[in-house]
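So the structure is just underneath, and the comments pick up after that.
All values below come from the heavy atoms of this structure, side chains included, with hydrogens, waters and symmetry mates left out. Remember, it's a predicted structure, so these values are computed and weren't measured experimentally. Proteins come first, then strands; the chains are lettered A, B, ... in the order of their sequence lines, and each starts at number 1.
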Protein chains: 2
Amino acid sequence: MAGQGTSCGRKRCRGKEYSCSMELSLAVIGGKWKPLILWHLRDVTTLRFSALRRAMPSITQKMLTQQLRELEADGLITRTVYAEVPPRVEYGLTEPGRDIIPILEALCRFGKEFEARFGLEDAGAVPDHAARR
Amino acid sequence: MAGQGTSCGRKRCRGKEYSCSMELSLAVIGGKWKPLILWHLRDVTTLRFSALRRAMPSITQKMLTQQLRELEADGLITRTVYAEVPPRVEYGLTEPGRDIIPILEALCRFGKEFEARFGLEDAGAVPDHAARR
DNA sequence: CAGGATCCAACAGGATACTG
DNA sequence: CAGTATCCTGTTGGATCCTG
């Protein structure tokens, strides 16, 4: 019962349940890959599927497809299919999608500071999908 | 070998692997609960464990404990144990922790816009842990 | 080339019981 | 009160094979 100070309550938007808008945002752009995808689309007009794969060597094609579909469904990216042989599909940011970039940049800055405070460890070998022959 | 345009590479900091700082940030403040916890600590000096539980009825105590420990380990919150009976433990934001608040506010704003674009659906019954008698 | 479909492993996260 | 410990389940996400 009763109003809280922190603007919470149970809502649902596009199938995502959340208590505050911030939670909704995380449902939309959170996760392991979506920020990366948006980030790669940040300073180009469009990228095709294969280019995105090359940009993120450690994502599987299934995950990439899945995340792209969700981003598209949420109106953050456009998906343009060119009916050619071989097929070509290009992805680009929508206006709402561009609105996220500043937030990602802020996250990026925070990450850098965090990095600076704690320092780096050795990452060891890189288990990229691309590098596997 | 191979310089990328998008500032990626494989690093590791505090056990978290990532390719860009933004990814690191998401590892630190991402997930289902951490933003919420930080958010609830935003405008108070400290909150005790039970108060946080009450503020987030749908989190289990196990998850709350776990997330609090990780946030503490990452230097985002403080944990103060008062050796009394009954025990009292209070959590508060550190300076680095406060740096995240503006980002969360930005996420919050984005969420509101997203909400406004797509509208709300009915959330149905609320399966809160607290409300279960 | 871009993905759909399937199978499977790993892990996040929930329920419950117990403790200082 | 504020946890720990254990068990168990659902979901996420990876590997692999197939198709327009």
*Could you say whether A:Pro86 or B:Pro87 is positioned toward the 5' end of DNA chain C, judged by the nucleotide with the nearest heavy atom to each?*
A:Pro86

*asked:* Please say yes or no: joined through hydrophobic side-chain contacts below 4.5 Å, possibly via intermediate residues, are B:Met22 and A:Leu120 part of one cluster?
replied: yes

*B:Glu72 has an atom CD; how far is it from atom P of D:dA2, in whole Å?*
15 Å

*Using the rule that two of Ile, Leu, Val, Met, Phe, Trp, Tyr join whenever any of their side-chain heavy atoms come within less than 4.5 Å, decide whether A:Leu47 and A:Tyr82 are in one cluster.*
no

*Let me know the distance between CG of A:Leu64 and C1' of D:dA15, rounded to the nearest Å.*
16 Å

*asked:* Between P on C:dG3 and CD on A:Glu70, what's the gap in Å once rounded to a whole number?
replied: 14 Å

*Mind grabbing the angle between the end helix axes of the helix from C:dC1-D:dG20 to C:dG20-D:dC1? Five pairs an end, 10° rounding.*
50°

*asked:* Looking at D:dC1, I'd like to know if its phosphate oxygens (OP1 or OP2) sit under 4.0 Å from a side-chain N or O belonging to B:Arg48.
replied: no

*Show the numbers, then the answer: is there a side chain to side chain contact (heavy atoms under 4.5 Å, CB included) between B:Tyr91 and B:Glu72?*
CA-CA 9 Å; B:Tyr91 297 91; B:Glu72 185 197 5; 5.7 Å; no

*Within this structure, what is the CG-to-P distance between A:Leu36 and D:dG13, rounded to whole angstrom?*
13 Å

*Taking all non-hydrogen atoms of both residues into account, name the closest pair between B:Cys13 and A:Glu115 and its distance.*
SG-CA, 4.2 Å

*asked:* Would B:Arg42 and B:Leu104 count as a side chain to side chain contact (heavy atoms under 4.5 Å, CB included) here? Give the steps.
replied: CA-CA 10 Å; B:Arg42 155 183 75 115; B:Leu104 295 184; over 6 Å; no

_For the backbone of B:Gly111 and the side chain of A:Ser21, can you confirm whether one donor and one acceptor N or O come within less than 3.5 Å of each other?_
no

_What is the distance, to the nearest angstrom, from the CD atom on A:Glu84 to the P atom on C:dC1?_
13 Å

_As a test of understanding, state which of B:Val28, B:Ile29, B:Leu107, B:Ile100 forms a side chain to side chain contact (heavy atoms under 4.5 Å, CB included) with A:Leu107._
B:Ile29

*Mind calculating the distance between CG (A:Leu26) and C1' (C:dA12) to the nearest angstrom?*
16 Å

*From B:Met56, B:Gln61, B:Lys62, residue fulfilling side chain to side chain contact (heavy atoms under 4.5 Å, CB included) relative to B:Ile59*: B:Met56

*asked:* If I take atom CE in residue B:Met56 and atom P in nucleotide C:dG14, what distance separates them, rounded to the nearest angstrom?
replied: 12 Å

*d(CE, A:Met63; C1', D:dA15) in whole Å*: 12 Å

Anything under 3.5 Å between a protein N or O and an N or O of nucleotides 3-7 of chain D, put it in a table, one pair a line.
unit_1: D:dG3; atom_1: OP1; unit_2: B:Arg69; atom_2: NH2; d: 2.6
unit_1: D:dG3; atom_1: OP1; unit_2: B:Arg79; atom_2: NE; d: 3.4
unit_1: D:dG3; atom_1: OP1; unit_2: B:Arg79; atom_2: NH2; d: 2.4
unit_1: D:dG3; atom_1: OP2; unit_2: B:Tyr91; atom_2: OH; d: 2.6
unit_1: D:dT4; atom_1: OP1; unit_2: B:Arg69; atom_2: NH1; d: 2.3
unit_1: D:dT4; atom_1: O4; unit_2: B:Gln61; atom_2: NE2; d: 2.4

